[in-house]
Amino acid sequence: MPKSKIAGVGMYIPEQVVTNNDLTQVMDTNDAWIQERTGIKERHYAAPYKETSTTMGVKAAAIAIERAGITAQDIDLILFATLSPDYYFPGCGVLLQRTMGMREIGAIDIRNQCSGFIYSISIADQFIKTGMYKNILVVGAEVHSFGLDFTTRGRNVTVIFGDGAGAVVLQATEKENQGILSTHLHSDGLGAELLSMMNPGFHGGIHEPDESKKQRQTNQPFGRAFMSPEEMAAYDFYPNMDGQAVFKKAVDKFPEVIMEALHTSGLKPSDINLLIPHQANLRISQFIQHKLKLRDDQVHNNIQKFGNTTAASIPIALCEAWEMGKIKEGDLVCLAAFGSGFTWGSALLRW
Ligand code: UT7
């Protein structure tokens, strides 16, 4: 049975750097608080009206495809993980397929937020193992900056997030000691609202408007009523997070799902050459490192420079670590993520 190896990695980081001090110009926050609680010094923001999750994803993908020694025509399937798609629908996968002039291959968008890249890798791995596809492009890309609350009210969320894209080409390999050993996916919907965006501009989902809103005459006779500008201002259509609850669950589930992957292959934390945790918060990464008794050189973090880029954070960190020469053939690499949903997962691979 073929296994999947990562044959090429790429990343794209938008040019504009936004430091913690820049954020103090628009909200009540400070560099010391942000660095102490999250480790973040700066993040990058996409260029408005020029860069989107798709355009950045395409740039990262082009590099990954070139490094895999193939062309866009060789890709058999696209998996695009993002919570910030260019359009509400269709997804970014088809936009990437169009931009890169690919064949009429399948294109799937994955809506799993911080664990979206791990979920995508796991899905791609299954398609390769069955022999259905040989080259699968997996992209994680996010433009958070267009949807954040840049007032003091949104500071606990806004200071964390950044924009960027990363991509890998997963390729079939028959080599004995190479490729993905296992992937592990989990969810717990009980925490769904603790890190969420519930109302992206309309009376959302199951949350009924109050009486006064119900009585309002609208031009929407059936279904939901769209919001007026006044209501837009009052409603919470920005991302919302109970940071402490998310933190607690994350430090519980990250080590658990990493150990699950190691146990599956009869390995232990000391066997890991490089752990790349989703870059949620440097304190979370440090907690995992401490819990698993890993040395500094066994964990790669870059949240200090890029912030939390959700689905893009793992492929960006993976690409950066590879470019720095931190990953060599035969190395045991572990990828792990936890985030909104809650969803979490891990992937263990031999490079
Ligand atoms: O990638 C997706 C998964 N997400 C995560 O894993 C995030 C997990 N959570 C976290 O990283 C942390 O909870 C945060 C960094 C988001 C927040 O840190 P915290 O230590 O949990 O702070 P807090 O929300 O409990 O707030 C503590 C105080 C509050 O003030 P009071 O009530 O004590 O007066 C906040 O209003 O800090 C205040 N605060 C801020 N102050 C300055 C919250 N955000 C800020 C800010 N600047 N940006």
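Residue numbers run from 1 in the order of the sequence given. Ligands are counted one by one from 1 in listed order, and the atoms in each one are counted from 1 as well. Fair warning: this is a prediction, and the values are worked out from it, not measured in the lab.
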Engineer: With respect to atom 21 (O) of ligand 1, which of Gln113, Arg37, Gln244 exhibits the smallest heavy-atom separation?
Structural biologist: Gln244

Engineer: Relative to the heavy atoms of Asn281, which atoms of ligand 1 are at a distance of less than 4.0 Å?
Structural biologist: 10 (C), 11 (O), 15 (C)

Engineer: Identify, for atom 39 (N) of ligand 1, the protein heavy atom at the shortest distance, and state residue, atom and that distance.
Structural biologist: Trp33 CZ2, 3.4 Å

Engineer: Taking atom 8 (C) of ligand 1 as the point of reference, which of Gly39, Gly243, Ala250 owns the nearest heavy atom?
Structural biologist: Gly243

Engineer: Thinking salt bridges, do Asp252 and Lys248 make one under a 4.0 Å N-O criterion?
Structural biologist: no

Engineer: Is the number of heavy atoms from other residues, nucleotides or ligands under 6.0 Å of Arg111 CZ greater than 12?
Structural biologist: no

Engineer: When only distance counts, is Thr29 in polar contact with ligand 1, meaning an N/O pair under 3.5 Å?
Structural biologist: yes

Engineer: Name the one of Lys5, Lys134, Gln178 that satisfies side-chain hydrogen bond (donor to acceptor under 3.5 Å, both in side chains) with Thr173?
Structural biologist: Gln178

Engineer: Considering only non-hydrogen protein atoms, determine which one is nearest to atom 35 (C) of ligand 1 and report residue, atom name and distance to 0.1 Å.
Structural biologist: Arg155 NH2, 3.8 Å

Engineer: Under a 3.5 Å cutoff, is there a donor and acceptor pairing between the side chains of Asn240 and Glu193?
Structural biologist: no

Engineer: What atoms of ligand 1 come closer than 4.0 angstrom to any heavy atom of Asn156?
Structural biologist: 16 (C), 43 (C), 44 (N)

Engineer: My question is simple, although I want it checked carefully: is atom 41 (N) of ligand 1 less than 4.0 angstrom from any protein heavy atom?
Structural biologist: yes

Engineer: Any idea which atoms of ligand 1 are less than 4.0 Å away from a heavy-atom of Cys114?
Structural biologist: 1 (O), 2 (C)

Engineer: State the atoms of ligand 1, each with its element, that fall below the 4.0 Å cut-off from a heavy-atom position in Ile160.
Structural biologist: 16 (C)

Engineer: Look at atom 4 (N) of ligand 1 and say which protein heavy atom is nearest, naming residue and atom and giving the distance to 0.1 Å.
Structural biologist: Val246 CG1, 3.6 Å

Engineer: Just distances here: any N/O of Asn308 and N/O of ligand 1 closer than 3.5 Å?
Structural biologist: yes

Engineer: Check Thr158 against ligand 1 and report side chain, backbone, both or neither, counting heavy atoms closer than 4.0 Å.
Structural biologist: neither

Engineer: Assess, by modelled atom type and distance only, whether the side chains of Gln171 and Asn135 contain a donor and an acceptor separated by less than 3.5 Å.
Structural biologist: yes

Engineer: Check this for me: Lys41, atom NZ, are more than 12 non-hydrogen atoms of other residues, nucleotides or ligands nearer than 6.0 Å?
Structural biologist: no

Engineer: Return yes when atom CD of Glu323 has more than 12 non-hydrogen atoms of other residues, nucleotides or ligands closer than 6.0 Å, and no otherwise.
Structural biologist: yes

Engineer: With atoms numbered from 1 as shown, which atoms in ligand 1 lie under 4.0 angstrom from a non-hydrogen atom of Met241?
Structural biologist: 4 (N), 7 (C), 16 (C)

Engineer: Could you list the atoms of ligand 1 found under 4.0 angstrom from a heavy atom of Val159?
Structural biologist: 48 (N)

Engineer: Against heavy atoms of Ile284, which atoms of ligand 1 measure under 4.0 Å?
Structural biologist: 6 (O)

Engineer: Ring centres of Phe306 and His44 under 6.0 Å apart?
Structural biologist: yes

Engineer: So which heavy atom on Ala337 is nearest to which on Cys114, and how close?
Structural biologist: CB-O, 3.5 Å

Engineer: With heavy atoms of Thr38 as the reference, note each atom of ligand 1 found under 4.0 Å away.
Structural biologist: 15 (C)

Engineer: The criterion is ring pair (Phe, Tyr, Trp, His ring centres under 6.0 Å); which residues satisfy it with Phe247, sequence neighbours excluded?
Structural biologist: none

Engineer: Within 4.0 Å of atom 24 (O) of ligand 1 (strictly less), any protein heavy atom?
Structural biologist: no

Engineer: Return yes when at least one protein heavy atom is under 4.0 Å from atom 32 (O) of ligand 1, and no when none is.
Structural biologist: no

Engineer: Any heavy atom of His278 closer to ligand 1 than 4.0 angstrom?
Structural biologist: yes

Engineer: More than 12 non-hydrogen atoms from neighbouring residues, nucleotides or ligands closer than 6.0 Å to CZ on Phe146, yes or no?
Structural biologist: yes

Engineer: Decide if atom CD of Glu329 counts as having more than 12 heavy atoms of other residues, nucleotides or ligands within a radius under 6.0 Å.
Structural biologist: no

